[in-house]
Amino acid sequence: MSPVILLSFIVIYFAVLLAVAHFTSKGSSDNSTFFVANRNSKWYMVAFGMIGTALSGVTFISVPGAVGASEFSYFQFVLGNAVGFIIIAYVLLPLYYRMNLTSIYTYLEERFGHTTYKTGAAIFLISRTIGSAFRLYLVAIVLQHFIFDAWNVPFAITVVICLVLIWLYTNKGGLKTIIVTDTLQTTFLVTAVILSIYFMAKGLDFGIVDTFEAVKESSYSKIFFWDDFVGSKANFWKQFLGGIFVTIAMTGLDQDLMQKNLSMGTIKEAQKNMITFTSVFVVINIFFLAVGALLYIYAAKNGIDVSQLATRDYLYPEIALNHLAIVPAIIFMMGLTAATFATTDSALTALTTSFCVDFLNFNKKENPNDPALVKKRNYVHFGFSIVMLLVILVFKLINDDSVVNAIFTAASYTYGPLLGLFVFGIFTKSAVRDKAVPYICVLSPTILYLLKTYVIEVYTPYVIGLDLIIINGFITFLMLLVSSPGKASEKALSHN
């Protein structure tokens, strides 16, 4: 596939996004529009658009690529995700709506105190910046390899181009723009994965029934792994329970996806959004796993040596861009671009919102839409773009693991204390030592890392997988409980 053709498509794609941004931000670019879309978003648009945000380029590339090694075991994690989304809908969202929150971390201030609040917000800023940078890194290396290397463009310039384009179409309209662009991008993503299956099946001379049977009968289609709880990361209970708690932490306690839920008028609409989103999310992941099986079947039939690829993450782009026709190649690039930029644009908006509300106290100003505050918000938005650029460049220097594992491992360490804080706040009536919370939130993942590296991996056969976040949250919860000075005040418990 010619790099010129691929680049032309990306230029057209972003021209469409910029046009959408222009019309959605017309007449209003104040902070209420940017942060919560004036709280009048349509639940069905948010539900569909959240698919693109939740999946990202990691799902689009790494999940199909990982099928060769882990079969369909990832679906156990997806089932856990579904349960986690339901818990969010009926436990966390009612809490957030009762408090009429713009930033969900304001709950921590009401329940525990100022220092705990700032700690929770800081954990989100660090976690989301790292996670979103990893996701954008994945697409940047694909763009670099298949497009920009042809003109010897440095990797740093590729990342800068991506971030500048994202900043341009999110800067004015913020969440209001993103809800529309994410709907558009999710349409591209879903279309891309379905058509990818169609074109690979066509290349294998399979009809619809043949494709289904080929995937079902392949050596990659095993879903449930019940044996070896101790020594395998793929065990059902590790994947399923990990999926539940990763979802609660990385979605329900994450300003990014919750910001979209808080943009709706009522809790009923927000819950309807989450349940609809969950149903579509599960189905789409089945399609991604099917893509993975077909990729390996296609590679085997056409003599493509998977072992020669630098990483399994390259398998999907390698086949789509170098072995299929021009239309499938463009469709692949459309889906990959949509998946990743839907995640990154949303993250930049959420990071900006959290910093402005949680650290610059925009919500406590007499007029949050004051032009001076809007200008300050623009500076913050630009600042996080720079931070993300730096994190991506650092990650490129040090990464030696698959991207999907790196993301969830990093997130389990950083989101674990946030999970422990919210669980402690919601399910106990105890107070915390507010000033000690930052130390507990640093000490907990440190203890876990040392325990995992120097005790569990050395002296036991137990292999920690996605249950890492559960252990991390439990350590935080236990430390909060042990250090608690007693029962919280009635005022602090009034929102629970």
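- Between Tyr137 and Phe155, the angle of the ring planes goes over 60°, which puts this pair in the perpendicular group of the 30/60° scheme.
- Within the 4.5 Å cutoff, the side chain of Ile471 has no heavy atoms near those of the Phe474 side chain.
- Using a 4.5 Å heavy-atom threshold, the side chains of Val78 and Phe75 count as touching.
- Judged purely by atom type and a 3.5 angstrom limit, Thr278 has no side-chain atom pairing as donor or acceptor with the backbone of Ala82.
- A donor-acceptor pair shorter than 3.5 Å can be found between the side chains of Gln259 and Thr353.
- Under the 30°/60° scheme for interplanar angles, the aromatic rings of Phe424 and Phe477 are found to stand perpendicular.
- Taking the six-membered ring wherever Trp is involved, the centroid distance between the rings of Phe77 and Tyr74 falls below 6.0 Å.
- In this structure, Phe245 has no ring-ring contact (aromatic ring centres under 6.0 Å, His included) partners at least two apart in sequence or on a different chain.
- Applying the salt bridge (charged side-chain N to carboxylate O under 4.0 Å, His left out) test to pairs two or more places apart or on separate chains, those with a residue in residues 106-134 are Glu109-Lys364, Arg128-Asp254, Arg128-Asp256.
- Within a 6.0 Å radius of CZ in Phe359, other residues, nucleotides and ligands contribute more than 12 heavy atoms.
- Here the side chain of Ser444 pairs no donor or acceptor atom with the backbone of Ile440 at under 3.5 angstrom.
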Legend entry - Criterion side-chain hydrogen bond (donor to acceptor under 3.5 Å, both in side chains) on Thr158 and Gln144, from CA distance to verdict: CA-CA 7 Å; Thr158 301; Gln144 184 70 31; 2.4 Å; yes
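- Both tests pass for Lys238 against the ring of Tyr462: distance under 6.0 Å to the centre and angle within 45° of the axis.
- The backbone N or O of Gly243 sits less than 3.5 Å from a side-chain atom of Thr247, completing a donor-acceptor pair.
- The backbone N or O of Trp237 sits nowhere less than 3.5 Å from a side-chain atom of Gln76 that would complete a donor-acceptor pair.
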Legend entry - Candidate pair Asp358 and Tyr117, rule side-chain hydrogen bond (donor to acceptor under 3.5 Å, both in side chains), full reasoning: CA-CA 8 Å; Asp358 299 324; Tyr117 165 46; 2.7 Å; yes
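- The neighbour count for Phe287 CZ, taken as heavy atoms of other residues, nucleotides or ligands under 6.0 Å away, does not exceed 12.
- Side-chain contact check for Ile166 versus Ser385: every heavy-atom pair is 4.5 Å or farther apart.
- The backbone N or O of Gly231 lies less than 3.5 Å from a partner atom in the side chain of Asp228, making a donor-acceptor pair.
- Lys452 approaches Leu468 most closely through the heavy-atom pair CD-CD1, 3.8 Å.
- Taking the six-membered ring where tryptophan is involved, the planes of Phe281 and Phe277 are tilted, since the angle between them lies from 30° to 60°.
- With respect to Phe124, the ring-ring contact (aromatic ring centres under 6.0 Å, His included) criterion is satisfied by exactly one of Tyr105, Phe422, Phe355: Tyr105.
- For Thr119 (side chain) and Thr115 (main-chain N/O), a donor-acceptor pair under 3.5 Å exists by modelled atom type.
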